[in-house]
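The block underneath contains the structure these notes are about, expressed in structure tokens.
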Amino acid sequence: MAKTCLVVKQRRGQFKFKVRRYNRCQRCGRARGFLKRFALCRICLRELANRGLLPGVTKASW
């Protein structure tokens, strides 16, 4: 889990400068490994995709 104070700070959205904004996972709050298309981190994306909860996402095999 992400640090609670940083998640709250990010959701408030009041930054002194625009460049200080950054993305966080909607599910767990993780800042690194963020995928913009799904608004999730890589870990949450993999968990949801394996359960079949993300429409259009399939496991690759070649």
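Index from 1, following the sequence.
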task: Output every pair passing side chain to side chain donor-acceptor pair (under 3.5 Å) with a member in residues 39-55, not counting sequence neighbours, ordered by first then second residue.
output: Arg27-Glu47

- line: CZ (Arg24) and NZ (Lys9) are apart, to the nearest 0.5 Å, by 9.5 Å

field: Separation of Leu40 CG from Asn23 CG (nearest 0.5 Å)
entry: 11.5 Å

- prompt: Remaining members of Val19's ILVMFWY cluster at a side-chain heavy-atom cut-off under 4.5 Å?
  reply: Phe17

Side chains of residues 52-62: which donor-acceptor partners sit under 3.5 Å, not counting sequence neighbours?
none

message: Would you say Leu48 ends up clustered with Phe38 if hydrophobic residues are merged whenever their side chains have heavy atoms under 4.5 Å apart, either directly or through other cluster members?
response: yes

Cys25 to Cys41 - nearest heavy-atom pair and separation: SG-N, 3.3 Å

- request: Kindly write out the residues that satisfy side-chain contact (heavy atoms from CB on, under 4.5 Å) with Arg37, not counting sequence neighbours, or none if the list is empty.
  value: none

